[in-house]
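Numbers restart at 1 for each chain; the letters A, B, ... are given by sequence-line order, proteins then strands.
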Amino acid sequence: VATETKRFASPYEDHAPPGAEGWEALYPYFLLFREDRREEEEAKFWFCDAQHWPTVFKPFDTVHVEFACKCLGQYNARHLKVPPANGVDYRIHRGYCYMHPLAVDPAEIPDRVPIFLERAAYYFENWDSLLANWHRKIRALIADLEALEFEPLPDAVPLEWIKEGVGLDPTFDLLANYNRAIELCYKAYQYHFEFLNLGYVAYLDFFGFCKESFPDIPDLAIARMVQGIEVDLFRPDDELKRLAKLAVELDVSAALNEGSADEVLAAVAKLPNGEKWLAEWKGAQDPWFNYSSGNGFYSTDKVWLDYLDIPLGYVRGYIGQVERGIDIDRPLEAVAAERDRITAEYRALLPTDEARAAFAEKLALARTVFPYVENHNFYIEHWTMAVFWRKMRKLGQVLADAGFWPEADDMFYLRREEVSVALFDYANGWGVGAEPGGPYYWPAEVARRRKIIHALESKRPIPAMNEPPEVVTEPFTIMLWGITTERIQQWLHGAAQSTTLTGMAASPGEVEGVARVVYGAGDLDELQDGEILVTQVTAPSWAPVFTKIRAAVTDIGGAMSHAAIVCREYGLPAVTGTGSATAQIATGQRIRVDGTNGVVTLL
Amino acid sequence: MSYVLPFEACRSDDVGRVGGKCASLGSLLEAGLPVPPGFAVTTNAFAEMLAAGGLGDRILGQLVVLDPDDLDELDACSERVRALIEAAPVPPAVESAIREAYSALCASIGVPELPVAVRSSATAEDLPGASFAGQQDTFLWVLGADAVLAHVRRCWSSLYTARAISYRHVSGFDHERVLMSVAVQKMVRARAAGVAMTLNPINGDRSKIVIDSSFGLGETVVGGLVTPDNFVVDKVMLEVVKRTISTKHVELVVDDGEQRTIERPIERERQQEPSLTLEEVKAVARLAKLAEQHYGSPQDVEWALDTDGDNKALLLQSRPETVWSQAASATRPATYETGLASVLSTLMNPLAAKKKAN
């Protein structure tokens, strides 16, 4: 049988949609597929990382993908000298993110092994104390970030500064604070990967042992054995449930029912028990409302603390359930008992004492590392980044008030180094007592860029580029993105109009229903009860919408993605990593989701 | 000296009296597993039959002079022995015991005449290492005490098919030491039925339950008349991990009008429908798992979904699995890496890449 060599389009043949001309200038030069690097770039296989970066980047927002990929890479390539894997190279094409994991030259691997073993061993042996140190570092970082101030410039330098001989003006701190905010964001991403790469590898070691001992063991079974019971990532949602139950108990639930957050909170304050509930509502906010309705990577992600209507809406939903007599608490004891049962049964199925000893050792390590894999997401993506975006929006407002652009968020149409320049423009105008140039230049430029971004959003990214490797062996590609040889073949061959989509069996069960295709957190309010959510990626912070839907289907994501974890937590069938569900399924279409086998059927 | 014994009175150590099948059904009932009701016609009844009128001696007379390598003579001998058994009167005490047991079974269900399945339950059958496959008969949809008696007798005579005689000769079993018990069991009106193994027969993986299933009675699956649907279920999670739906052409069903089972073609649109829902697959797997837990070793079970009982899954029989139980699983690696060496090897040889290489 002659096999046709199949390849994906080259980025040089994959053109931007009309209206997006000039998009390249919105992104850093080294992240573009440039003509001067064409030969090298076309020789590499690139896949779209819509799991982490599902939507088109505004220029400023690339700060996260740059820091995240750079820091992921440094831990492999420089901290740990992971023998077979360096970092993951990345590009931005048509506003979407493409990845190319870098394997190590086999000749260099032997020299890296002893270095890796020494360093990895130290982390695994001292995991708890190093992790305690990590928590101190990240809390200090958040405090530093919180302390940064972005205020409009006064008319004159304060008199005290004159008397104290400070010898500086307020623009000095304004510029420094901006630089400091970017530095702290960079630092947070360094910390982000300090434990993550090793955590995934240790988990995968147990995962591989289970798959070899019990072929076709469901991924879910392995996750259930490893998953923690008390997980910080679920705390925000748990807090909302607690507030809902308390509202019913204190008889303030009726007042919470209708109106904006401001209106209902004022109404609650007037009730006999109102102050008591409001104190709990306030208390829960720090830190648990530093929770993004997106994945924390985008300036458009809405954080609960800044949009109290979001958590309030979820609280209302839970109140309704409590009033209908539904137990909304996560059944922690049952989850723990089930974890013990599953673990004991698989252990008993192993053939020898040697096998059982290996199982116990790997499970213990996986359980040690897994809480970080789950919880870092709250501390970095949610909490730290909530503060970061809040501060940046504050700065955007300062410059909006100075006439640089109409809205605070318009600042994110600038690249981060352009913000430095605009900020100096503002300082310069203030300092010399002249008008800054920004108000003449930026409003039209921001409008022009907005149109480009809008045009880019009109065309979905292709799943991959160039010729795929015959066999995917790069561990991080498989581990972090769930991209395997089979998956790539599905992308290549499955795009032909088939009535079934296959993906990862992320959460078991089978249901039929009506699809709702959602492109971002902003579309979530269109979801109707009983629909099936079809989206590029489900963020864990969408947790409360999982009480409405019957199943979830995503384009990209492995069985270890945070999304899959939350789906399983809510007992919903889910198929992740289908590659093209949002392109092939339309809102209103009837589909069958078989989360046990990872199959979606269009009916 | 009881000639009949209700299944619930059969014990696992009663094999000599009620045969392997009935002993197993009794043991499953004792463990609280759902088994269609019925009774065993014990080996005492068969012994009494052989003793009455010197039937046993006349059979032995035929067998001692037989040259089992002479196939024509073997067939003729089998014919003669079976004719002897089917012509001999059933001793009155045995006959009345069977009639009483049948009428008690009918009364317990609340019908005057209950359709039953009559199956042989040999004392050497169903034991690990002694598979008499294909030797004994099963009669479905037997209605009324006279018919039950007639089919019990046919089961007895099935002990002397040419093949069974030859097999015993080759394996060195004494003819007179192999006795026959007969199971008389409420007929299940199966919407779907089949077999299940509590390990994966492909590779010996003990963490799986593998189910073969088709529409109607399970004889089409056991007898290879259809290519059944195949489900692989994770034993711990009770989740279906693989599902192969086959095109199923025929089913064996109860025909109420003609009062018998009939083999009929399956309508075209139903041929490729799954014979079990996911929930039903899980229910069957759960039963098989319970049977394995009860016996403490991998089992090979027959099961059916009973339309008389809201399609509830019933166990029809459970036998020890004999192939992999005595061998090491093919999935067992030679050695187990531990510690950082294992972490390193996980990085160097990611599982998905290994799978592809195989």
**OP:** Identify which of A:Ala348, A:Ala85, A:Ala358, A:Ala355 forms the greatest number of heavy-atom pairs closer than 4.5 Å to chain B.
**Re:** A:Ala355
**OP:** State the CD1-CE distance between A:Ile109 and B:Met348, to the nearest 0.5 angstrom.
**Re:** 4.0 Å
Original post:
If every non-hydrogen atom of A:Lys362 is compared with every non-hydrogen atom of B:Glu337, which pair is closest and at what distance?
Top reply: NZ-O, 2.7 Å
Original post:
Is there side-chain contact between B:Ser207 and A:Ile217, with at least one heavy-atom pair below 4.5 Å?
Top reply: no
Original post:
Rounded to the nearest 0.5 Å, how far does CD of A:Glu338 lie from CE of B:Met237?
Top reply: 6.0 Å
**OP:** Identify the heavy atoms of A:Glu361 and B:Gly339 that sit nearest to each other, and give their distance.
**Re:** OE1-N, 2.7 Å
**OP:** Answer with side chain, backbone, both or neither: which region of A:Phe359 has an atom nearer than 4.5 Å to a non-hydrogen atom of chain B?
**Re:** neither
**OP:** Using non-hydrogen atoms and a 4.5 Å limit, figure out which bit of B:Lys282 sits close to chain A: side chain, backbone, both or neither.
**Re:** neither
Original post:
Within a reach of under 6.0 Å around CZ of A:Arg112, are more than 12 heavy atoms found that belong to other residues, nucleotides or ligands?
Top reply: yes
Original post:
B:Leu278, B:Val343, B:Val232, B:Asn200: which one forms the most heavy-atom pairs within less than 4.5 Å of chain A?
Top reply: B:Val343
Subject >> Closest heavy-atom pair and its distance - B:Asp205, A:Ser213 >> reply: OD1-O, 4.1 Å
Subject >> Atom CG of B:Asp310: over 12 foreign heavy atoms under 6.0 Å >> reply: no
Original post:
Where does A:Leu350 contact chain B at under 4.5 Å (heavy atoms): side chain, backbone, both or neither?
Top reply: neither
Original post:
In Å, rounded to the nearest 0.5 Å, how long is the span from OG1 of B:Thr338 to CG of A:Leu365?
Top reply: 11.0 Å
Original post:
Is any side-chain heavy atom of B:Arg206 closer than 4.5 Å to a side-chain heavy atom of A:Phe214?
Top reply: no
Original post:
Judged by atom type as modelled, is there a donor-acceptor pair below 3.5 Å linking the side chain of A:Arg341 to the main-chain atoms of B:Val236?
Top reply: yes
Original post:
Which bit of B:Lys235 comes within less than 4.5 Å of chain A, counting heavy atoms only: side chain, backbone, both or neither?
Top reply: both
**OP:** May I ask you to name which of A:Gly509, A:Ala202, A:Gly598, A:Pro218 has the most heavy-atom pairs under 4.5 Å with chain B?
**Re:** A:Pro218
**OP:** I would like to know whether A:Asp216 and B:Lys242 meet salt bridge (Lys or Arg N to Asp or Glu O under 4.0 Å); could you show each step before the answer?
**Re:** CA-CA 8 Å; A:Asp216 301 314; B:Lys242 267 189 197 153; 3.2 Å; yes
Subject >> Contacting moiety of A:Phe206, where chain B heavy atoms sit under 4.5 Å >> reply: neither
Original post:
If you draw a 6.0 Å radius around CD in B:Gln293, do more than 12 non-hydrogen atoms from other residues or ligands fall strictly inside?
Top reply: yes
**OP:** With rounding to the nearest 0.5 Å, note down the distance linking CG in B:Asp234 to CD in A:Glu345.
**Re:** 9.5 Å
